[in-house]
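Following: one structure in structure tokens, then a few remarks.
Proteins come first, then strands; the chains are lettered A, B, ... in the order of their sequence lines, and each starts at number 1.
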Amino acid sequence: VRWKKSFEGLDALVAERGGALLATATLLTGSRAAGEDLLQTALERMMRRWNHVHGDHEGYLRRTLYHLAVDQWRMRRRRPEVLTDVEPPGQADGTDALHLRQALVQALAHLPPRQRAVLVLRYWEQLSEAEAAEVLGCSIGTVKSTASRGLARLRELTAAWAVEDTPAWNGASHDH
Amino acid sequence: MEHHMITDIEQELAAGMHDEVDGLALTRDIVAQAARRHRVRTTVHRTAYAAGVVGLAGALAVGLAAGNGGTHPGVGKPPVASAESPRLQLAAAAAASQNISYKVKVTCGTKTDPGGMGTTQGAIDPATDTGYLNTTYPSGGAVYYERLINGVRYIGSSGSQTWKQEPGTFENLGYDEGLGVGTSADPKQLFDALQQADATVTKTGARTYHFESTKAYDTQYATGQITFTGDVTLDGGNRIATVTYESTDKGQMKPGVKGGAAFESTYAATTELSDYGLPVVVEKPTKVVVVR
């Protein structure tokens, strides 16, 4: 096929790194379907700029994912879908930690795109504040304050869910 | 439990992210899909037309057998206004619309995909490489902004707090970036195409013209024909005021190419131009990130 010649190496890159890129895109968008859409949009963007992108195609794709996610580029119509995915964490039994993890990832989808992007860069990609600032094209101070606001919001959301969850759990126990 | 939740939140978030996306694999061929959409964008015609970029100029400038009287203006030669020839009148109007500032509004897209119709509005002064475009993106939601100031191009969108400055310098706005429909959204290309038009042109009123062309093609991938029809209105100064056109590509893939499938797609565009010769002033965005 003609385009394979035009975009040489792209198939191999996606075969090898597609899963990792999709993971990032999924965390950035809050759902796997939206993640695939985001990654496809980033690929299209790279194709348009193919002659200007030299060397590090994966790096370009990754940066584009973050920029698109922060810009909410095409992501708006996906948001309601994301919100319906969110459920409060489960009961306070022996699986607290597991539930907390799930709740945190679900709460992530509630954050403004920039906060979400910073948290994904810091805690998924494990980048330093300086590296995250470089990817997003902002200052280290902005990364710090955005991450701190994002974490605070996650605490609020998961704590609120824990509170909301309690009466329901008590109510359930009355049925016995 | 509350205490635990607060102290370990960063660690738990990292672990939760891993749980969430561990072992995720792509379920569809997004490279092929991206390539396909990219191709639709950049070539207007969605088929594997071997000439690559067909665009407006190609479709209009084809050598036409039918109904043309045989006299061609010749590509590259300056057009001469002539009372006898609607085609030359149109070429003269297109030439008069070149190299001067104007306001523009373009609505275009593929007719078979109504969700893909986008609109862009802006202005450009070719003398100073300065202008702007605001584009309503076909898939809805965000507005895409572009500013060109003395050749430096800035890109923004309604969801973004910052603008991106693109590397290098530019003589024109990125109509393709904005509308994602191909080069023919650019009035510059439109003027060139109209100027070089080898289509059948008829005068339909004091300041209105109709053009038509058909070109058959037979390539390695497909056979078919491109039909191109449109109408042009001139303003009081005999410059282009509106151009509406449709381009239909109908054909059949060769055996072995996508199962020899038949295809037909129609691309439609309306371009409105105004305020010729007026100054174009564009303000530099405040928060700018330089793209490397």
Legend entry - CE on M46(A) to CG on L65(A), rounded to 0.5 Å: 10.0 Å
Inset, instruction - For E146(B) and Y132(B), run side chain to side chain donor-acceptor pair (under 3.5 Å): C-alpha distance rounded to whole Å, both residues' side-chain angles, the deciding distance at 0.1 Å, then the answer. - result: CA-CA 5 Å; E146(B) 190 170 315; Y132(B) 70 94; over 6 Å; no
Legend entry - Selection from L136(A), V105(A), L21(A) maximising heavy-atom pairs under 4.5 Å formed with chain B: V105(A)
Legend entry - Residues which pass salt bridge (charged side-chain N to carboxylate O under 4.0 Å, His left out) with R62(A), listed by chain and number, not counting sequence neighbours: E58(A), E125(A)
Legend entry - For S128(A), all residues meeting side chain to side chain donor-acceptor pair (under 3.5 Å), sequence neighbours excluded: E131(A)
Inset, instruction - Classify the angle between the aromatic ring planes of H18(B) and W124(A) as parallel (below 30°), tilted (30 to 60°) or perpendicular (above 60°). - result: tilted
Inset, instruction - Counting only heavy atoms closer than 4.5 Å, note whether V120(A) contacts chain B via side chain, backbone, both or neither. - result: both
Legend entry - Under 4.5 Å from a heavy atom of chain B, the part of R122(A) involved: neither
Legend entry - Which portion of L108(A) sits near chain B, non-hydrogen atoms under 4.5 angstrom: side chain
Inset, instruction - Select one option (side chain, backbone, both, neither) describing which atoms of A25(B) are under 4.5 Å from chain A's heavy atoms. - result: backbone
